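Quick caveat: nothing in here was measured; it's all calculated off a predicted structure. All values below were derived from every heavy atom in this structure, side-chain atoms included, with hydrogens, water molecules and symmetry-related copies excluded.
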Amino acid sequence: MKETLKEFLYRYRHGWILSYFLIYLAWFAYLERTVTRRFHVIHMPIDDYIPFIEVFIVPYLLWFGYIALAVIFFFFHNVQDYYKLCIFLFVGMTIFLVVSTVYPHGHYLRPRVFERDNIFVTLVKGLYMVDTPTNLFPSIHVYNSIGVHLSIMHSSQLKDKKWVRRGSFILMVSIIASTMFLKQHSVFDVITGCIAATVMYTLVYGGELLAGKKRVYKRPYRGVQEGQS
């Protein structure tokens, strides 16, 4: 029996929360147009020792698919995990927008000339053209990558998919590294992204952690059981 449009919309009514992206994109576009010259410079001494490595454009761009696939997967397979992931992502993205609005900031880390000429450098040049070196912390690339990986690690459907969990970890680490090797972010942006993700982790998944501890504490001690038998 064919599903009617009304039934389809009702079954996937949890998609309403994705309308947040309209707010985010509009707000971010506004910041990109207005925060261009007068801003607070973000810089840490360690930034000067990190080399530019253009091949990291690959994991940097894979970030978009990484986030989208995770949201789509949980959208269709587990509504509770889907809401947790969306709350994790959207709260952090909103904090980023607010910080960028009240404290305009940017950096001067990007190379002025490129020592090599290859497909990766071409892609980096394209990235630099569409993305200004402003509105940087906490790094959304870092924050969202951690959020997606945590959602995968907490997923009951993926708990036996070791290749997915390991692949997610490798991609997450690669994406975080790419933000620095491409000179898209300062180490400061990465640190604040990790801190924000840690705080949100306790808020979103704290209940699960407490429940897990309670289950462990309630287990009878094996030696006591053996002694009583």
Peer 1: Taking everything shown except R116 itself, do over 12 heavy atoms lie less than 6.0 Å from its CZ?
Peer 2: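 For R116, atom CZ is crowded (more than 12 foreign heavy atoms under 6.0 Å).
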Peer 1: In terms of hydrophobic clustering (I, L, V, M, F, W, Y; side-chain heavy atoms under 4.5 Å; direct or indirect links), are L150 and L69 co-clustered?
Peer 2: no
Peer 1: Side chains of F75 and Y12: closer than 4.5 Å at any heavy-atom pair?
Peer 2: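 Yes; the side chains approach each other to less than 4.5 Å.
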Peer 1: Do the rings of Y205 and H154 sit parallel, tilted or perpendicular, given the 30° and 60° boundaries?
Peer 2: parallel
Peer 1: Can a donor-acceptor pair be found, under 3.5 Å and without considering hydrogens, that links the side chain of T134 to the backbone of V35?
Peer 2: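 Yes, the answer is positive, given that a donor and an acceptor are paired below the 3.5 Å cut-off.
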Peer 1: For F120 and F114: C-alpha separation, side-chain torsions, deciding distance, then whether ring-ring contact (aromatic ring centres under 6.0 Å, His included) applies.
Peer 2: CA-CA 11 Å; F120 303 116; F114 295 93; over 10 Å; no
Peer 1: Is any side-chain heavy atom of D131 closer than 4.5 Å to a side-chain heavy atom of E32?
Peer 2: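 D131 vs E32: side chains touch.
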Peer 1: Is the shortest heavy-atom distance from the side chain of V91 to the side chain of L203 under 4.5 Å?
Peer 2: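 No, too far: nothing below the 4.5 Å cut-off.
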Peer 1: Does R33 count as lying over the ring of Y30, i.e. NZ or CZ under 6.0 Å from the six-ring centre, within 45 degrees of the axis?
Peer 2: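 Verdict for Y30: no cation-pi partner in R33.
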Peer 1: What do you reckon, is CD1 of I46 surrounded by more than 12 foreign heavy atoms closer than 6.0 Å?
Peer 2: no
Peer 1: Can F88 and Y201 be said to form a ring-ring contact (aromatic ring centres under 6.0 Å, His included), step by step?
Peer 2: CA-CA 8 Å; F88 192 109; Y201 174 66; 7.7 Å; no
Peer 1: Counting distance only, does the side-chain N/O of T192 pair as donor-acceptor with the main-chain N or O of D189 below 3.5 Å?
Peer 2: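 Side chain of T192 to backbone of D189, a donor-acceptor pair under 3.5 Å: yes, one is there.
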Peer 1: Please determine whether side-chain contact (heavy atoms from CB on, under 4.5 Å) holds for the pair Y66 and S168, giving the CA-CA distance in whole Å, both sets of side-chain angles, and the decisive distance to 0.1 Å.
Peer 2: CA-CA 9 Å; Y66 184 47; S168 173; 2.6 Å; yes
Peer 1: Answer with yes or no whether the side chains of Y24 and T94 bring together a donor and an acceptor at under 3.5 Å.
Peer 2: no
Peer 1: Tell me, do F137 and H107 make a side-chain contact under 4.5 Å, heavy atoms counted?
Peer 2: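 In short, these two side chains do not touch, never coming nearer than 4.5 Å.
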Peer 1: Main chain of L136, side chain of H185: is a donor-acceptor contact present, judged purely on distance under 3.5 Å?
Peer 2: yes
Peer 1: Check for me, please, whether M153 and M172 land in the same ILVMFWY cluster - side-chain distances under 4.5 Å, paths through other members count.
Peer 2: no
Peer 1: Please confirm whether the backbone N or O of F28 pairs with a side-chain atom of N135, one donor and one acceptor, at under 3.5 Å?
Peer 2: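 Looks like no, no N/O pair under 3.5 Å.
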Peer 1: Are F181 and F56 close enough that their ring centres sit under 6.0 Å apart?
Peer 2: yes
